[in-house]
Amino acid sequence: MPELPEVERFKQYFEGTALHQKVVQVEIADAGVLACTAETLKEVAEKHTFDKTDRIGKYLFIETSADKVLMIHFGMSGSLKYYRDDPPRFGRVVFHLANGFHLAFDCPRKFGRIDVADNVKAYQAKKKLSTDAYKMSWEEFEQNTAGRKGLIKPLLLNQQVAAGVGNWIADEILFQARVHPETRTNKLSKNELRLVYDKMRDILQTAVSHEANYNHYPKDYFIHRRGWTDQNTENCPNCGTKVHYMKVGGRATYLCEVCQEPQEV
DNA sequence: GCTAATGTTGTGCG
DNA sequence: CCGCACAACATTAG
Ligand SMILES: [Zn+2]
């Protein structure tokens, strides 16, 4: 679930709920989601307030009054829930707040992580994350993809190249740009690469504007072939051909074999 | 019971 | 050291 648009929604959700609240206690129900020690997390959060948020790609940052930042990554199934009496089923870490509410990191599959860093820049450097894909310039995108010989889809999923692009977004970009996901990046013309970039920006903008609610995405979006939305269909929005399913770079991939021709070898 | 899953990272090779 | 391909991770939903 959580790609850039969802994490942006979680950020806004946090800003409307737990931001500026004081943490009384941090409950760690499952230390498996911690990338730092329990002690470190408590030091940075307990008796402190949540002061400021930030986001790079799928990584959410929360600065506290301890002058450090919490990092939350949602993995494949994580989310946030702010509540008084109705806890989520898989609250792996719960921040108990002074106002009587609670903020849970709900993470059924436990692929998510919570970490602590001195500041956002330091964390970004440690993970070598690129600029957020939503804000990335063409010049930077061109630079980050220059000289790459691997397949375009796995490259788009590389958070050091375009932080925030996830699996469905990569498929959506490549369909809209009419590029086969197994095309070698260095075989793309400059115009094709520019189209990939433009579609990336446009799709992220659209998804964020709909607060990552898939059902509200445009009718001709390729996402409606993944079986996730109310308007699901098996046919290409452009030519009507039945969509093709395959694995690319080990990831579930949907494409139109007619509109996205394989690269000539 | 079996399968697939929206993400990241470690390993091994070149 | 870097790029790339691939397996592994933990657990749920269908
Ligand atoms: Zn088509």
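Keep in mind that what you see is a predicted model, and the values were worked out from it rather than measured. Letters A, B, ... are given to chains in the order of the sequence lines, protein chains preceding strands, and every chain is numbered from 1. Computed from heavy atoms alone, side chains included, the values below leave out hydrogens, waters and symmetry copies.
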**Q.** Residue pair A/T253 / A/K153, side-chain donor-acceptor N/O under 3.5 Å
**A.** yes
Q) According to a strict under-4.0 Å criterion, is A/K247 in side-chain N/O contact with OP1 or OP2 of B/dA4? A) no
Q.
It should be established whether A/H73 places a side-chain nitrogen or oxygen under 4.0 Å from OP1 or OP2 of nucleotide B/dT8.
A. yes
Could you give the side-chain donor-acceptor pairs of residues 103-116 of chain A under 3.5 Å, partners two or more places apart or in another chain?
| from | atom 1 | to | atom 2 | distance (Å) |
| --- | --- | --- | --- | --- |
| A/D106 | OD1 | A/F90 | N | 2.9 |
| A/K110 | NZ | A/D30 | OD2 | 2.6 |
| A/R113 | NH1 | A/G32 | O | 3.4 |
| A/R113 | NH1 | A/K110 | O | 3.2 |

**Q.** Side-chain N,O (A/Q159) to OP1/OP2 (B/dG7) below 4.0 Å
**A.** no
(Q) Counting primed atoms plus P, OP1 and OP2 as sugar-phosphate and everything else as base, spell out the protein contacts along nucleotides 7-14 of chain C at 4.0 Å heavy-atom distance: B, S or - for each nucleotide, 5' to 3'. (A) --BBBSS-
Q) Taking the six-membered ring of A/F222, is NZ or CZ of A/R225 closer than 6.0 Å to its centre and within 45° of its axis? A) yes
Q. Should side-chain heavy atoms under 4.5 Å link Ile, Leu, Val, Met, Phe, Trp and Tyr, which residues sit in the same cluster as A/Y83?
A. A/V94
Q: List, by chain and then residue number, the residues other than A/V248 in its hydrophobic cluster (Ile/Leu/Val/Met/Phe/Trp/Tyr, side-chain heavy atoms under 4.5 Å); write none if there are no others.
A: A/L151, A/M246, A/L255
Q | Spacing of A/R148 atom CZ relative to C/dG3 atom P, expressed in whole Å | A | 5 Å
Q. Within the structure, does a side-chain N or O atom of A/Y245 lie under 4.0 Å from either OP1 or OP2 of B/dA5?
A. yes
Q. With distance as the sole criterion, is a donor-acceptor pair present between the side chains of A/Y221 and A/E172 under 3.5 Å?
A. no
Q) In terms of side-chain heavy atoms of A/K127, which of B/dT9, B/dT6, C/dA5 is nearest? A) B/dT9
Q. In residues 219-234 of chain A, which residues come under 4.0 Å of DNA chain C by heavy atom?
A. none
**Q.** Closest-nucleotide ordering on DNA chain C, the 5'-leading residue of A/K128 and A/G250
**A.** A/K128
Q: Using atom CZ of A/R113 as one end and atom P of B/dT8 as the other, report the distance to the nearest whole Å.
A: 12 Å
Q.
I'd like to know if A/D171 and A/R226 make a salt bridge, using a cut-off of under 4.0 Å between side-chain N and carboxylate O.
A. yes
Q. What is the distance, rounded to the nearest whole Å, between atom CH2 of A/W168 and atom P of B/dG7?
A. 11 Å
Q | Where DNA chain B forms stems, i.e. three or more consecutive Watson-Crick or G-U pairs with both distances under 3.5 Å | A | B:2-5 with C:11-14, B:7-14 with C:2-9
Q. Whole-Å distance between B/dT6 P and A/F10 CZ?
A. 16 Å
Q) Hey, does A/Q231 have a side-chain heavy atom less than 4.5 Å from the side chain of A/Y214? A) no
Q) Can you find a side-chain donor-acceptor pair between A/T37 and A/T40 that sits under 3.5 Å? A) yes
Q) Using 30° and 60° as the class limits, which term best fits the ring planes of A/Y197 and A/F141: parallel, tilted or perpendicular? A) tilted
(Q) Please report the distance, rounded to the nearest Å, between CG in A/N186 and C1' in C/dC4. (A) 12 Å
Q: For C/dA10 versus B/dT11, give the span between their P atoms, rounded off to a whole number of Å.
A: 15 Å
Q: Answer yes if the side chains of A/E15 and A/T53 hold a donor-acceptor pair under 3.5 Å, and no otherwise.
A: yes
Q) Once you round it to whole Å, what is the distance between P of B/dT8 and CG of A/D115? A) 14 Å
Q) So, does the side chain of A/Y214 form a donor-acceptor pair with the base of B/dT6 at under 3.5 Å? A) yes
(Q) Please tell me whether A/F14 and A/V26 are part of a single hydrophobic cluster in this structure, the criterion being side-chain heavy atoms less than 4.5 Å apart. (A) yes
Q | Whole-Å distance separating the CD atom of A/Q160 from the P atom of C/dC2 | A | 10 Å
Q | Distance in angstrom units between A/M246 CE and B/dA5 P, rounded | A | 13 Å
